[in-house]
Amino acid sequence: MTDQELIRREALRKLRELGIDPYPAEAFEVTAFAADIVANYQEETLADGTKNRLNYQDVALAGRIMAVREAGKALFMNLQDSSGRIQLYVRRDEFLQGDDATFFDVVIKKLLDLGDYIGVRGFAFKTRTGEVTVHVQALKLLAKSLRPLPIVKRDAEGNVHDAFTDPELRHRMRYVDLTVNPEYRQIFIKRSKMIRTMRAYLDELGLLEVETPILQPVYGGALARPFITHHNVLDMPLYLRISNELYLKRLIVGGFDGVYEFAKVFRNEGIDRTHNPEFTLMEFYVAYKDYHWLMGVTEQMLERVARALSDDGSAIIPYGEHRLNFAGPYARFTMAEAIRQYTGLDIETATERDLRAYCDQHNIEIDPSMGTAQLLDEIFSEKVEKHLIQPTFVLDYPIEMSPLTKQHRSKPGLVERFELYVNGKEVANAYSELNDPLDQRKRFEEQRRWAERGDEEAMATDEDFLRALEYGMPPTAGIGFGIDRLAMLFTGQTTIQEVLFFPQMRPEG
RNA sequence: GAUCCCGUAGCUCAGGCGGUAGAGCACUUGACUUUUAAUCAAGGUGUCAUGGGUUCGAGUCCCAUCGGGAUCACCA
C-alpha cells in the first residue's frame with residue numbers, strides 16, 4: 001500500500017474514534033445541483049450598496065471534494081456532483097461547539113481528503129472575486145475515499161495540467177476517468193440519447209421492442225466466428241450470438257408486423273479502434289415492406305437523431321474535417337455505379353479476369369480462390385468506401401455475399417440489399433429479406449460448400465429457421481445498425497473504446 | 001498475427017557517452033477568516049513493468065515475457 005493510502009486508512013480509524021461513521025447508512029436529501037446554482041443564482045445591490053441574495057438560500061448538495069484551498073480559519077473546496085462543480089466556503093465559526101473547534105480543525109481540515117463524498121447544507125452567495133459559492137453551515141461525511149484520485153487541474157487560462165490521459169488506465173478504471181475527466185460523460189450521455197431517440201422513433205412506427213436469445217444452439221445471421229460455451233445440464237455447446245437476425249425473422253413468421261431489438265452481439269475476432277468483441281447491433285424487421293421503404297425510414301430516423309444530438313438542432317454533425325449532413329434524402333448508388341464512378345470499371349461487362357487484372361494493377365491483395373463477387377467486394381473496399389463521406393446508400397449487391405437476402409426483382413445475379421456508408425464506413429446493412437424457403441436452403445448449401453473449402457465464417461444451416469420459413473414469412477424488410485459506430489459518428493470519436501464504458505482489455509499483470 | 005513506439009513517485013513527465021533517482025501537482029507538518037493551478041515555510045516519496053544477460057557497475061546496452069498505443073493484416 002502506498003503512503004497516501006496508509007494515511008487515508010489512518011484517517012478512517014481516527015474518524016471512527018471521534019464517533020463519525022465514514023460510511024453512514026441513512027439517505028442524504030439533495031435539494032440542489034452545482035450547475036443549477038452556478039447558472040441561476042441571483043442577487044441585487046441595494047441603494048446602500050449591500051447585496052441582497054435572492055435564491056438558493058437553503059440548499060443541500062452532495063458530491064466529491066475535488067480541491068481544497070485552506071485559508072486559516074476558513075477554507076474553500078470545490079465540490080463535484082453529477083451536474084458539475086461549485087465552490088464551497090467553509091468557515092470555522094460555523095462549526096464551533098462552545099469552545100471546541102475539533103470538527104473544523106481536525107475532521108474537516110485533517111481527516112477529509114480529495115475524493116471523499118460529503119453532503120453540505122448552506123446558502124449561495126458571490127465571493128468578492130465574483131464566484132458563485134455555497135457558504136456551508138453543516139457538513140457531513142457521506143463516504144470516505146481510500147485512494148488518491150489523479151486530480152486534473154485547470155489554470156486561469158483554461159490550460160489543463162496533469163491530465164489523466166493514459167488510455168490503459170482510463171479504460172481499466174473508467175470510474176476514475178469519469179470522475180476526473182467529467183467531459184467524457186457527455187459522450188455517454190449522447191450515446192444514451194441517441195438510443196433513446198431511435199427507440200422513440202421505432203415505437204412511433206408501431207414496432208415492438210423484443211428480446212431474443214443470446215445463447216444460441218446454432219449461430220447465424222452474420223458471417224463471423226463465434227464464442228463457444230457449454231451448457232452443463234443439457235451437456236451441449238451453445239454459441240453467444242453473432243447476430244439476432246434469424247430470431248427476429250422467426251417473430252415475423254409468428255405474426256408480429258414489426259419488431260426491433262438493441263442487441264449485444266459477440267464476435268470472436270480482433271480488437272482495434274473499430275472492433276470490440278462484444279458490441280451493440282440494433283436490428284428491425286417490418287412485414288410487407290421492401291428495402292426501398294427502409295431507405296426512407298433510415299433517413300428519417302438518423303435525421304431525427306442528428307437533430308437531437310447536434311448543438312444547434314440542425315441535422316449537421318461535425319466529424320473531424322467533415323460536416324456530416326444527416327438530412328435526407330441521401331445519395332444512392334448501385335454498387336455497379338459506385339464502382340464505375342471511382343474505378344472506371346464496368347462490372348456488367350467485366351470478366352473475372354478483368355477484375356483480377358485491375359486488382360494487380362492497383363495493388364489490391366487478392367487470392368486465387370476469390371470469385372467475381374469477392375473481387376468486387378475487395379475493389380469496393382479499397383477504392384470506393386473511403387469516398388463515401390456524406391451518408392450514402394449503396395444498393396444491389398452480388399448474390400454470393402448475401403445468403404439471407406431476396407434476389408433482385410429485376411437484376412439477375414443481384415440481391416435487394418443496401419448498405420449505408422457514412423465517413424467511409426458502413427453503419428447499416430439492410431435487405432428485402434429472403435422468404436423463399438427453398439431458395440434459402442440452397443443458399444445455406446452454398447455456404448456449406450464454402451465452409452468445406454475452409455471458410456471459417458461461412459454460415460451454418462439453421463434447420464429450425466428453415467422450418468419457420470416453410471410455414472411462411474410475409475415479404476419483409478430488415479436492417480441492422482452498428483450502434484457503436486453510429487455513436488462514434490455522433491459524438492466525434494475515432495475509437496470504439498471511447499464510446500464503450502468498459503472496452504475489452506487484456507487482464508492486468 | 002506482423003512491424004514500430006511506449007512502460008520511471010498516486011498523476012503528468014525529465015533522466016547526455018552506463019557511475020547507484022529528479023521536477024510539478026498530490027501527500028505530511030506549520031502559518032493564513034473571500035481563496036480559486038491559492039500563497040508562504042519545511043519534509044518524505046520509488047521492486048525504474050517482469051525475468052534473464054553483458055559489465056567492476058544497468059533506469060540507461062542486449063534477449064525474452066507481460067501490458068498499452070499506432071500502422072498493417074484479419075474482421076464488418
Side-chain angles (χ1 to χ4, degrees), chain A residues 1-8 10-11 66-78 85-96 101 104-105 109-110 113-115 125-133 135 145-173 176-177 180-181 222-225 242-243 265 267-277 279 281 365 367 377 380-381 385 401 419-421 424-429 455-457 480-482 484-485 494-497 503 505-509:
Chain A
M1 223 181 297
T2 65
D3 278 2
Q4 295 194 45
E5 288 173 88
L6 290 169
I7 287 164
R8 286 177 182 228
E10 179 61 13
M66 297 301 283
V68 177
R69 293 177 291 282
E70 290 188 19
K73 296 183 177 62
L75 56 80
F76 294 86
M77 292 178 174
N78 292 345
R85 290 187 186 186
I86 191 167
Q87 178 167 264
L88 305 179
Y89 178 53
V90 184
R91 220 162 62 162
R92 189 190 202 215
D93 302 347
E94 302 282 356
F95 296 94
L96 294 174
F104 183 83
D105 288 345
K109 283 183 83 165
K110 301 281 182 202
D113 290 297
L114 299 188
F125 74 110
K126 266 190 188 173
T127 64
R128 67 177 175 218
T129 54
E131 179 154 354
V132 175
T133 299
H135 184 122
S145 164
L146 295 181
R147 288 175 184 258
L149 284 170
I151 295 279
V152 179
K153 293 208 163 194
R154 193 178 293 269
D155 67 22
E157 285 81 49
N159 301 312
V160 171
H161 300 265
D162 303 326
F164 181 63
T165 51
D166 183 333
E168 179 175 5
L169 296 177
R170 287 186 48 234
H171 297 151
R172 282 196 198 284
M173 300 192 290
V176 172
D177 182 38
V180 302
N181 298 321
L223 305 175
R225 291 156 67 177
I242 59 173
S243 169
V265 300
R267 297 187 184 176
N268 206 339
E269 284 155 3
I271 299 175
D272 64 28
R273 61 208 301 217
T274 56
H275 297 86
N276 195 66
F279 64 100
L281 186 63
E365 274 187 49
D367 71 68
D377 193 51
F380 186 85
S381 300
E385 272 187 18
M401 311 286 287
E419 294 187 337
L420 174 62
Y421 285 85
K425 301 263 164 40
E426 182 208 332
V427 298
N429 181 17
D455 184 345
E456 287 188 67
E457 284 155 7
F481 288 85
D484 310 280
R485 290 182 185 182
T494 56
T495 72
I496 197 169
Q497 283 84 2
M505 307 279 285
R506 286 194 159 85
E508 288 180 70

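We name chains A, B, ... by the order of the sequence lines, and we start the count at 1 in each one. Basis for what follows: all heavy atoms, side chains included, without hydrogens, waters or symmetry-related copies.
Rounding to the nearest 0.5 Å gives a distance of 10.5 Å between CG of Asp162(A) and CD1 of Ile151(A).
Asp93(A) is not listed as a side-chain neighbour of Phe104(A), based on a closest heavy-atom distance of 4.5 Å or more. Using a 4.5 Å heavy-atom threshold, the side chains of Glu168(A) and Met505(A) count as touching. Using a 4.5 Å heavy-atom cutoff, the side chains of Val152(A) and His161(A) are not in contact. Counting heavy atoms from C-beta on, the side chains of Val265(A) and Phe279(A) come closer than 4.5 Å. A heavy-atom distance below 4.5 Å is found between the side chains of Phe125(A) and Thr133(A). Considering only heavy atoms from C-beta on, Asn78(A) comes within 4.5 Å of Arg69(A) through its side chain.
With its glycosidic angle within 90° of 0, G16(B) adopts the syn conformation.
Nearest to the side chain of Leu114(A), among C75(B), C27(B), C74(B), sits C27(B). Among the nucleotides G68(B), G24(B), C75(B), the one closest to the side chain of Glu168(A) is G68(B). Nearest to the side-chain atoms of Asp113(A) among the listed nucleotides C75(B), U28(B), A38(B) stands U28(B).
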For RNA chain B, what dot-bracket results from Watson-Crick or G-U pairs at under 3.5 Å, with [ ] for crossers and | for inter-strand partners?
(((((((..((((.....[..)))).(((((.......))))).....(((((..]....))))))))))))....

Output one letter per nucleotide in nucleotides 30-35 of chain B: B when a protein non-hydrogen atom lies under 4.0 Å from the base, S when only the sugar-phosphate is that close, - when neither is.
S-BBBB

All N/O contacts under 3.5 Å from nucleotides 4-10 of chain B to the protein, with atom names and distances to one decimal?
none

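Of the two residues contacting RNA chain B, namely Thr495(A) and Ala222(A), the nearest-nucleotide position lying further toward the 5' end is that of Thr495(A). Nearest-nucleotide positions on RNA chain B place Arg273(A) closer to the 5' end than the other of Arg273(A) and Gly270(A).
Regarding Asp272(A), its CG atom lies at a distance of 18 Å from the P atom of U3(B), rounded to whole Å. As rounded to whole Å, 15 Å separates atom C1' of C25(B) from atom CG of Asn78(A). Rounded to whole Å, the distance from CZ on Arg506(A) to P on U65(B) is 13 Å. Rounded to whole Å, atom P of G1(B) lies 12 Å from atom CG of Asn268(A). The CD1 atom of Ile271(A) sits 11 Å away from the P atom of G1(B) (whole-angstrom rounding). A straight line from NE2 of His275(A) to C1' of A73(B) spans 12 Å, rounded to a whole angstrom. For the pair Arg154(A) CZ and A38(B) P, the computed distance is 13 Å after rounding to whole Å.
Residues Glu419(A) and Tyr421(A) have side chains that bring a donor and an acceptor to within less than 3.5 angstrom of each other. Between the side chains of Thr165(A) and Arg170(A), no donor-acceptor pair of N or O atoms lies under 3.5 Å.
Judged by ring centres under 5.5 Å apart and planes tilted less than 30 degrees, His161(A) stacks against the six-membered base ring of A37(B).
Ion pairing between a basic and an acidic side chain is recognised when a charged N comes within 4.0 Å of a carboxylate O; Lys110(A) and Asp105(A) show no such pairing. Remark: Lys109(A) engages Glu70(A) in a salt bridge, criterion side-chain N to carboxylate O under 4.0 Å.
Heavy-atom minimum distance, Ser145(A) versus Arg8(A): O-NH1, 3.1 Å.
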